[in-house]
Structures are given as structure tokens and as C-alpha cells.
Amino acid sequence: MVAITLPDGNVREFPGPVTGLDVAKSIGAGLAKAALAIRVDGAMKDLNTVLAADCRLAIVTAKDADALELLRHDAAHVMAEAVKELYPEAQVTIGPSIENGFYYDFARATPFTPEDLEKIEARMREIVDRDEAITREEWSRDEAVSFFQGLGEAYKAELIASIPAGQPIGLYRQGAFIDLCRGPHLPSTAKLGKAFKLMKLAGAYWRGDSRNEMLQRVYGTAWFDKKDLDAYLHMLEEAEKRDHRRLGREMDLFHLQEEAVGSVFWHPKGWALWRTVEEYMRGRLERSGYVEVKTPQLVDRKLWEASGHWEKFRQAMFIATSGEEELELAIKPMNCPCHVQIYRHGIKSYRDLPLRMAEFGSCHRYEPSGALHGIMRVRAFTQDDAHIFCTEDQITSETIAFCELLKSIYKDFGFTEVRVKFSDRPEKRAGDDSIWDKAESALLDASKAAGLETTLNPGEGAFYGPKLEFVLRDAIGRDWQCGTLQVDFVLPERLDASYAAEDGSKKRPVMLHRAILGSFERFIGILIENFAGRFPVWLAPTQVVVATIVSDADGYAQEVVERLKSAGLRVEADIRNEKINKKVAEHSGLKVPVMLVVGRREADERTVAMRRLGSQAQEIIALDQAVATLVAEAALPG
RNA sequence: GCUGCCGUAGCUCAGUCGGUAGAGCAUACCCUUGGUAAGGGUAAGGUCGAUGGUUCGAUUCCAUUCGGCAGCACCA
């Protein structure tokens with residue numbers, strides 16, 4: 001007797017062992033047809049898994065959130081099967097499901113071409129039509145190794161060989177294709193359906209290690225129905241339209257050129273945006289008890305040796321020398337050692353703590369060429385950096401205050417969804433384990449006290465301490481890691497920072513490294529993409545354009561511009577000899593949030609016709625009222 | 001850095017099976033003073049990423065190099 005408990009609490013009893021499919025059939029023919037897999041006591045299993053003992057069981061259908069993962073994993077297998085049929089010399093390696101799709105890495109001497117992708121995709125559709133049953137088999141490890149070696153599948157054999165002996169190996173067979181796989185899988189290739197698409201081709205290292213050979217990775221996306229696929233492809237198009245590199249050019253915000261790879265040329269409009277962000281941040285920091293400093297760009301290597309950066313990041317630092325004498329100055333890749341120098345200047349008492357030292361610190365790092373991406377990943381960048389020097393007892397309250405500030409700032413920029421990751425000790429690190437134990441538990445406790453829900457990001461901490469990483473979600477659902485808070489017991493020791501405690505003893509302060517935006521360059525890139533260039537008035541580089549209909553209104557238009565300018569707005573006049581249609585089209589294209597149109601009527605009545613970006617409507621209002629409205633909207637939030 | 005792809009006017013792109021290039025938009029000038037998403041005309045604009053090689057001749061073929069794009073690796 002086997003008793004199966006269904007999610008609604010009902011218990012079904014069977015005389016002997018049954019498969020998941022049997023149970024689904026016993027519930028209803030419709031469910032049996034929709035069934036893709038089962039969840040046994042919470043774990044996802046194949047539909048035809050034999051259930052011999054009592055368990056809790058849920059039938060997984062396309063409606064399940066996790067079912068997409070199965071589908072995508074199947075898509076990867078079907079792709080591998082297609083590739084083996086078309087290119088038998090290609091070796092298969094691994095092919096997992098990923099966010100929005102799947103990939104499979106192949107080893108093959110000749111690179112795949114875009115035409116190959118079309119062929120592979122067509123063959124995948126054939127395999128779906130063949131409706132091949134997908135079945136699981138268990139082999140012994142050594143059997144499996146020699147089997148794959150016999151097939152010439154060296155990578156598979158290597159993978160299996162690295163599994164401990166004695167453990168049975170799960171293999172999945174579909175048609176003539178057989179692959180090592182943990183599973184579970186859909187019952188047949190037909191269940192994959194046709195809502196998939198191969199997307200792109202790229203290199204990827206075997207086992208993710210850059211010392212290993214490069215494999216060919218084929219990416220695809222897969223969904224349960226065509227609507228979802230189309231929606232996803234549409235989202236990609238939308239992301240492309242929002243690309244900050246494209247909008248940066250179109251809106252004349254900045255440019256990049258060969259002579260300064262990885263550094264941004266900010267144009268007047270882009271710089272206006274930057275200055276707004278900076279002014280806003282400065283205000284928020286000042287009101288949160290930070291002091292602002294500025295530290296040198298060129299700092300002798302001795303300081304970086306002392307801090308430990310030289311040893312770990314030497315190859316990523318720019319070095320400056322002088323033609324006169326032998327000097328080795330690093331262009332600062334970060335601000336912390338310099339901040340410690342300011343801290344050390346003069347004796348500090350416990351009364352001085354917490355000392356929150358902020359800098360809009362311009363830093364340079366020699367990022368690998370392949371990492372550069374528009375203004376999001378550059379070699380010259382400016383952090384909204386700060387170091388909080390505090391006592392151990394103050395870690396919690398400082399963490400709470402920081403998290404509140406961060407959330408409030410994100411909200412002002414329009415980001416309300418924020419996730420937090422906790423990154424613990426990396427392999428290569430400074431400081432002994434007792435210090436790490438202390439730092440990790442201090443940070444974890446503080447984040448709990450701040451009411452944060454964190455997910456663990458193992459081994460991803462900084463070399464001097466664990467960190468919290470703040471990830472925000474943008475308007476089209478993409479995640480961006482921006483903020484960080486790091487607890488550091490190491491640098492104060494290395495750079496000999498201390499304070500006089502209440503009892504007169506000399507103690508080490510703790511340093512909290514923290515940033516909210518991360519870097520201005522990257523954050524501005526994120527803002528551009530989040531808003532698709534359509535900034536709220538307070539951020540918009542050009543907030544208002546005053547456009548004339550006839551040249552008789554030129555004088556009045558200039559007057560309107562002057563009024564707005566003296567009220568502190570970023571405003572331009574458009575008195576060109578062009579039709580108002582064209583002016584509206586152009587400034588809309590440039591994403592100016594507000595247009596004030598003036599003709600003879602407005603000039604006579606001292607009004608303006610206000611038109612908002614994205615709206616066809618216009619509102620005739622008195623000039624004074626327009627100025628008051630716009631000034632209010634242009635005020636920095638917070 | 002690695003793999004693959006790409007580099008033609010300010011932008012988006014066409015083209016040359018090897019005989020030094022063309023469109024639209026943008027720009028300048030002229031006409032037009034028009035009431036809310038692109039009015040008409042004329043003109044100007046390119047050492048075809050750079051260097052070297054093959055060739056009578058290279059933007060085109062080859063090599064090297066620089067830069068860009070995608071992914072991987074990296075990210076104090």
C-alpha cells in the first residue's frame with residue numbers, strides 16, 4: 001500500500017508502487033496530459049519516477065514557476081542532440097538552464113557560424129516533432145566513463161570521472177542521444193514545444209576557468225508558449241532602445257573615443273545630469289552626518305604596499321613616474337588608504353567616532369579590455385565613497401542608518417525593489433580567521449537588526465572584509481548591483497589607525513566601507529536605461545524648451561527663458577525658423593520633459609502653452625504659474 | 001585577457017567579383033511666419049580604423065595592430 005498525499009491534503013492510496021504519471025491519471029485525464037514532472041516531498045523528479053513509499057506529491061505542469069527550468073534544460077538537451085546529429089565531431093560538455101533560457105557548451109575545432117545556428121534550430125524542431133521519449137537510466141561510474149570515452153566524448157568522461165566512485169550515475173536517453181544529467185526532465189521531446197530560439201554564439205572556458213580551453217557556447221531562450229517568447233524578445237528590443245550608449249549619443253550626453261579608452265568625455269548635458277546627481281548626493285550625505293574630503297590622485301606605492309592592495313591588485317593599477325627621478329606613484333584605484341591618512345592626522349578619541357568621511361573619489365583601474373562597457377564599466381570612474389570609522393559597538397547602529405539612507409536615496413531615483421546579498425570570506429584574504437569570524441557575525445547581526453533579508457553569496461567578500469551588496473531592480477526588470485557596505489578590521493590595523501578609548505587605552509577603530517550609487521558613471525548609465533532617457537524634471541539635463549511658433553514671439557520667448565533661468569532651471573530657447581511640428585518632434589526625440597510653446601496669443605496674454613513629454617495635451621497657463629510649477633518640480637528630492 | 005563577429009560622411013546604412021564611393025537624417029545657405037511629433041530647394045561633407053604586404057593599381061585580397069560589439073574570465 002502506498003499513500004500519496006496531494007497538495008490539497010487529500011490522500012490517495014495505491015495497492016503497490018506507482019509512477020507519477022499513474023497518480024496524475026488517477027486524478028484526471030486533463031492533468032495527466034498537462035503533467036510534466038512531479039515534486040516528491042518537495043524535490044522535483046521525473047514524471048515516470050516510481051513511488052514505492054508514502055510521500056507528499058505535487059504534479060508539476062506548465063503553470064508551475066519551476067517548470068520553465070525543466071523546459072529550458074530539455075531545450076539544452078535537444079540542442080545537444082541536434083548538434084550531434086549535424087556535427088558528429090563536436091563534443092558535448094554541459095548545458096544548463098539559465099535565467100530566460102539555456103545554453104550548451106560544445107568543443108569543436110571549427111567555430112559555429114550564424115548559419116549553423118539556423119540549421120541547429122531547424123533540427124531541434126524536427127526532434128520535437130519526433131516526440132522522442134526521454135528516459136532515465138542509472139549506470140555505474142566506471143561503466144559510464146568508458147562508455148563516453150568510447151564515444152570520443154572526453155569532456156563528459158572527465159566530468160563523470162570527477163564524481164565519487166560508487167555513486168550511481170544518472171543518464172538520460174532521448175532517441176540516439178544519451179547524456180549525463182542530474183535531471184529531472186520532461187517525459188518527451190514533444191513537450192518542449194516550439195517556443196524557443198537560438199540567440200547567440202560565444203566562447204566560454206571549460207569549467208569556467210580562464211586557464212582552460214575555450215569552448216563554443218550556444219545560447220537560446222525557451223518558453224511554454226509563443227506569447228511568452230514574443231514578450232521576451234520584445235523586452236530585449238526595449239532594452240536595446242534604452243541602451244545608454246545609444247541614448248548617450250542621441251541625447252548628446254557623453255562620448256568615448258580610442259585615445260582615452262575606458263574614460264568618459266562628458267558633454268554639457270551629460271555633465272548637467274552628473275552635477276545634479278552629485279549635488280543631490282552631497283545634500284543627502286551632509287544631512288546624514290558625513291563630512292566630505294578630497295584626497296590625492298597620485299600616491300606612492302609604499303602606501304599601497306602597506307594597505308595590501310599592491311600585492312593583490314598591482315597589475316590592475318596605473319603607475320605614474322616622473323621624467324626627473326625614480327618614482328613609482330599609483331594613480332589611486334580606491335580611496336580608503338587615503339581616508340585613513342586623514343583619519344590619522346591628529347589624535348582621535350572615542351568622542352570623534354563615528355567619523356563618517358565621504359569623497360566623490362575619482363579612481364582609475366586597469367580593467368581588462370573585455371570588461372569595458374559604455375560608461376557602465378570604465379577605467380576612470382568616480383565613487384560615491386565613504387568610510388565610517390567607528391567602534392565595534394557602533395557597527396549595528398551605523399549599518400541600520402546606512403541601510404535607511406540607501407533605501408531612501410534609491411527611492412528618490414525611482415527604485416523601490418532592492419535585494420541584499422551577504423558575501424563572506426574569499427579564499428585569498430587578509431586577516432586571520434578570528435577577525436573574519438568577528439567581522440562576519442558583526443555584519444550579519446547588524447543586517448538583521450536593520451531588518452534586511454539577505455541571501456548568501458559565498459566567498460565573494462572583499463579581501464579585507466565581508467560585505468553586503470545592494471541590488472536594485474529597474475523599470476524593465478533587470479537587476480543592478482550598486483550599493484555596498486563592508487566591515488573592515490584589517491586596514492585600520494595595517495595602516496595603524498587608532499583612537500583613545502574611554503578608559504584611556506589605545507584601540508583600533510572599525511572601518512565601514514560603503515557606497516550607495518557605486519560609481520557615478522555606472523549609476524548614470526543605469527538611470528539612463530531605467531528612464532529610457534525620459535528623466536523626471538529634477539534630473540533632466542534640459543528641463544524646459546521654450547519654442548516659438550512665429551518670430552513675432554521671439555522676444556517674449558527670451559523673456560520666458562530668462563525668468564526660468566533665474567529661477568534656477570535648465571532651459572533652452574528654440575526660436576529657429578522651423579514649424580512648431582518639427583520643434584515638438586525634435587525636442588520630444590531628445591526627451592525634454594517640458595515644452596513651453598509661445599505664439600502671438602501667449603505673448604499678448606503673458607501665458608505659455610505647456611506640453612509634457614509623452615502627452616499630446618497642452619495647457620495654457622499664466623507665465624508666473626508655469627514658473628512656480630516648474631520650480632517645484634525641479635527641486636531636488638529628499 | 002580569451003573566443004567569435006564588426007570597423008565606409010556627425011548618425012543610420014548601401015556599395016565596390018581589385019580601377020580611390022552613394023542614400024536618408026543631421027549641417028550651411030535660400031524660400032517659407034507656419035498653432036503642437038519631421039514644409040520645400042540648393043550646397044558642402046569621406047586619406048572607406050591604422051600600418052605593412054601582394055598587385056600596374058587596394059576601401060575591396062593577405063598579415064599585423066588599434067577600437068567596437070556579444071559572451072566568458074575579471075571587478076579592491
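Here is how names work: the chains are called A, B, and so on, in the same order as the sequence lines, proteins then strands, and each is numbered from 1.
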(message) Quick check: on RNA chain B, is the nucleotide nearest A:V584 upstream (toward 5') of the one nearest A:A462, or the reverse? Name the residue that is more 5'.
(response) A:V584

Interatomic distance at [atom1], [N] relative to [M], whole Å:
N     : M     : atom1 : answer
B:A70 : B:A28 : C1'   : 40 Å
B:A76 : B:U47 : P     : 43 Å
B:U60 : B:U54 : C1'   : 14 Å

Which nucleotide wins on minimum distance to the side chain of [X], given the candidates [options]?
X      : options            : value
A:R611 : B:A76, B:G1, B:U36 : B:U36
A:V550 : B:G34, B:U36, B:G1 : B:G34
A:S551 : B:G1, B:A76, B:U33 : B:U33

(message) Using ring centroids (six-membered ring only for Trp), state whether A:F318 and A:Y366 fall under 6.0 Å.
(response) yes

Partner residues of [X] under the ring-ring contact (aromatic ring centres under 6.0 Å, His included) criterion, sequence neighbours left out:
X      : result
A:Y290 : none
A:F360 : A:F520
A:H73  : A:H77, A:H185
A:F102 : none

Please list every donor-acceptor pair under 3.5 Å in which a side-chain atom of residues 199-207 of chain A meets a protein atom from a residue at least two apart or in another chain.
| residue | atom | partner | partner atom | Å |
| --- | --- | --- | --- | --- |
| A:W206 | NE1 | A:E158 | OE2 | 3.4 |
| A:R207 | NH2 | A:S162 | OG | 3.3 |

(message) Are there runs of at least three consecutive Watson-Crick or G-U pairs touching RNA chain B, with each pair's two distances under 3.5 angstrom? Give them by first number.
(response) B:1-7 with B:66-72, B:10-13 with B:22-25, B:27-31 with B:39-43, B:49-53 with B:61-65

What does the B/S/- profile of [range] look like, 5' to 3', with a 4.0 Å heavy-atom cutoff to protein?
range                        : value
nucleotides 42-52 of chain B : -----------
nucleotides 69-74 of chain B : SSBBBB
nucleotides 26-31 of chain B : S-----

(message) List the residues meeting side chain to side chain donor-acceptor pair (under 3.5 Å) with A:K156, not counting sequence neighbours, and say none if there are none.
(response) A:D179

(request) Can you sort out the partners of A:W266 under side chain to side chain donor-acceptor pair (under 3.5 Å), two or more places apart, ordered by chain and number? (result) none

(request) Give, for atom CD1 of A:I98 and atom OH of A:Y103, the distance between the pair rounded to the nearest 0.5 Å. (result) 7.0 Å

(request) May I ask you to decide if A:D384's main-chain N or O and A:R514's side chain share a donor-acceptor pair within less than 3.5 Å? (result) yes

(request) Answer yes or no: is there a donor N or O on one side and an acceptor on the other, between the side chain of A:R429 and the main chain of A:F463, under 3.5 Å? (result) no

(request) Could you tell me whether the side chains of A:Q216 and A:D105 share a donor-acceptor contact shorter than 3.5 Å? (result) no

(message) Tell me which residues in residues 328-342 of chain A lie within less than 4.0 Å of RNA chain B, going by non-hydrogen atoms.
(response) A:P333, A:M334

